[in-house]
Amino acid sequence: YYSMLHSDDPIDPYLRVIDWDATIVRGRDLAIDIGSGSSYAIQEGDIIITRDSSLAFINWPDRSKTRLGSSTRLTVNRMRVARDYSSIEIEMKIEKGKIWSNVIRTIYPGSYFRAKLPEWGIIAGVRGTTFDINLGLGYIRSVDHSITLSDTLGHIVSLLPGEAVSTKNI
């Protein structure tokens, strides 16, 4: 049963730079510059910054992927995946730029993949969907399946595939 659902074990998460370069800021005094075609392991607390014209992606421990557009700033808040996938907890904070994520589906309750937008107090909670967030153009869009958005005022909105909402007012 397990092997039918998850044919491979979780991976060590990493950032892969496709075009130009990116920086991982780790702690207060370490900046790791990564050039085009290179990869580097990421950890909880890392801040990832892409440059103008850069393109990079994160391979999360559960094998989900997040593509980062140019001029993006993202913080890895949480990355915890049980070996048997019984618990998946992935959370990032997006401060600027654009991301596109393809999130794997899990059947276990309590697992999550969250994208926080602190400037607007919005949390996008997803599992088994594809979505994108563009802070420059001010939208959150569900590509496949649905996503749930919540804000600090307690509003909850579900986006169906193809639907989009402004980051300023869910």
Side-chain angles (χ1 to χ4, degrees), residues 1-2 4-16 42-50 55-170:
Y1 180 71
Y2 169 80
M4 288 175 47
L5 293 175
H6 305 289
S7 59
D8 2 75
D9 289 331
I11 62 169
D12 291 328
Y14 63 91
L15 175 73
R16 172 109 175 129
I42 59 172
Q43 302 173 3
E44 287 184 6
D46 282 353
I47 299 168
I48 300 169
I49 303 166
T50 61
L55 177 63
F57 68 87
I58 297 171
N59 265 339
W60 298 101
D62 70 342
R63 299 179 183 270
S64 294
K65 292 183 179 13
T66 296
R67 184 172 61 203
L68 288 72
S70 60
S71 302
T72 295
R73 182 181 173 100
L74 177 148
T75 301
V76 178
N77 288 346
R78 192 163 181 87
M79 288 189 306
R80 305 217 176 142
V81 177
R83 280 303 226 200
D84 65 355
Y85 289 97
S86 60
S87 175
I88 299 171
E89 299 173 354
I90 297 174
E91 184 179 280
M92 64 183 130
K93 176 175 65 174
I94 304 148
E95 295 176 57
K96 72 176 203 169
K98 179 180 179 180
I99 67 161
W100 177 91
S101 289
N102 186 8
V103 182
I104 68 161
R105 181 177 306 278
T106 185
I107 62 170
Y108 301 107
S111 292
Y112 61 82
F113 187 104
R114 293 184 192 138
K116 289 187 166 190
L117 309 175
E119 185 173 339
W120 296 278
I122 296 173
I123 299 172
V126 300
R127 283 279 6 126
T129 192
T130 303
F131 72 99
D132 65 333
I133 297 173
N134 187 321
L135 297 181
L137 296 178
Y139 70 81
I140 303 167
R141 180 175 61 116
S142 176
V143 177
D144 292 322
H145 305 289
S146 64
I147 63 174
T148 301
L149 306 175
S150 61
D151 67 13
T152 55
L153 299 174
H155 299 119
I156 297 175
V157 174
S158 290
L159 295 181
L160 298 175
E163 291 185 328
V165 67
S166 168
T167 55
K168 294 178 176 56
N169 182 14
I170 64 164

Margin query: Could you report the tightest heavy-atom contact between Gly97 and Thr72, atom names first, then the distance?
Written below: CA-OG1, 3.4 Å

Checklist line | ring-ring contact (aromatic ring centres under 6.0 Å, His included) against Phe113, all qualifying residues, sequence neighbours excluded | finding: Trp60

Checklist line | Closest approach of Ser111 to Ser86 (non-hydrogen atoms, all atoms of both residues) | finding: OG-O, 4.0 Å

Item checked: side-chain hydrogen bond (donor to acceptor under 3.5 Å, both in side chains) against Ser71, all qualifying residues, sequence neighbours excluded -> Asp52

Item checked: side chain to side chain contact (heavy atoms under 4.5 Å, CB included) partners of Arg16, counting only residues at least two apart -> Tyr14, Ile18, Ser39, Phe57

Check: With sequence neighbours left out, which residue pairs that include part of residues 70-79 fulfil the salt bridge (charged side-chain N to carboxylate O under 4.0 Å, His left out) condition?
Finding: Arg73-Glu95, Arg78-Glu89

Check: Would you call Arg80 and Glu44 a salt bridge, using N to O less than 4.0 angstrom?
Finding: yes

Checklist line | Spacing of CG belonging to Leu68 relative to CD1 belonging to Ile49, to within rounding of 0.5 Å | finding: 11.0 Å

Note to self: Once salt bridge (charged side-chain N to carboxylate O under 4.0 Å, His left out) is applied, what residue pairs with a partner in residues 129-143 remain, sequence neighbours excluded?
What the structure shows: Asp132-Arg141

Margin query: Can you tell me how far apart CZ (Arg67) and CD1 (Ile99) are? Round to the nearest 0.5 Å.
Written below: 10.5 Å

Item checked: All side-chain hydrogen bond (donor to acceptor under 3.5 Å, both in side chains) counterparts of Lys65, not counting sequence neighbours -> Asn59

Checklist line | Close side-chain approach of Arg63 to Tyr85, heavy-atom, < 4.5 Å | finding: yes

Output side-chain donor-acceptor pairs under 3.5 Å for residues 152-159, partner residues at least two apart or in another chain, one line each.
from   : atom 1 : to     : atom 2 : distance (Å)
His155 : ND1    : Asp151 : OD1    : 3.4
His155 : ND1    : Asp151 : OD2    : 2.9

Note to self: Just verifying a value: how many Å separate Asn102 CG and Thr130 OG1, rounded to the nearest 0.5 Å?
What the structure shows: 4.0 Å

Check: How many angstroms lie between CD1 in Ile11 and OG in Ser64, if you round to the nearest 0.5 Å?
Finding: 9.5 Å

Notebook entry, point to check: Considering all heavy atoms of both residues, which atom of Asp62 and which atom of Ile104 are nearest to each other, and what is their separation?
Noted result: O-CD1, 3.1 Å

Check: Taking all non-hydrogen atoms of both residues, which atom of Ile94 and which atom of Pro118 are closest, and how far apart?
Finding: O-CD, 3.5 Å

Checklist line | Arg114: partners by salt bridge (charged side-chain N to carboxylate O under 4.0 Å, His left out), with sequence neighbours left out | finding: Glu91

Next item on the list: Mind running side-chain contact (heavy atoms from CB on, under 4.5 Å) on Asp46 and Leu74 for me, showing each step along the way?
Entry: CA-CA 8 Å; Asp46 282 353; Leu74 177 148; over 6 Å; no

Next item on the list: Return yes if some donor-acceptor pair links the side-chain N/O of Ser146 with the main-chain N/O of Leu160 below 3.5 Å, else return no.
Entry: no

Checklist line | Whether Ser101 side chain and Val103 backbone form a donor-acceptor pair below 3.5 Å | finding: no

Next item on the list: With sequence neighbours excluded, tell me which residues meet side-chain hydrogen bond (donor to acceptor under 3.5 Å, both in side chains) with Glu163.
Entry: none

Check: Which heavy-atom pair separates Asn77 from Lys93 by the least distance, and what is that distance?
Finding: ND2-CB, 3.8 Å

Notebook entry, point to check: For Ala56, which residues count as a side chain to side chain contact (heavy atoms under 4.5 Å, CB included) partner, sequence neighbours excluded?
Noted result: Leu15, Val17, Thr50

Notebook entry, point to check: Quick one: does Gln43's side chain get under 4.5 Å of Val76's, heavy atoms only?
Noted result: no

Margin query: Run the side chain to side chain contact (heavy atoms under 4.5 Å, CB included) test against Thr167 and tell me which residues pass, sequence neighbours left out.
Written below: Leu117, Trp120, Leu135, Ile140

Next item on the list: Quick one: list whatever passes side chain to side chain contact (heavy atoms under 4.5 Å, CB included) with Pro13, sequence neighbours left out.
Entry: Ile42, Pro61, Met79

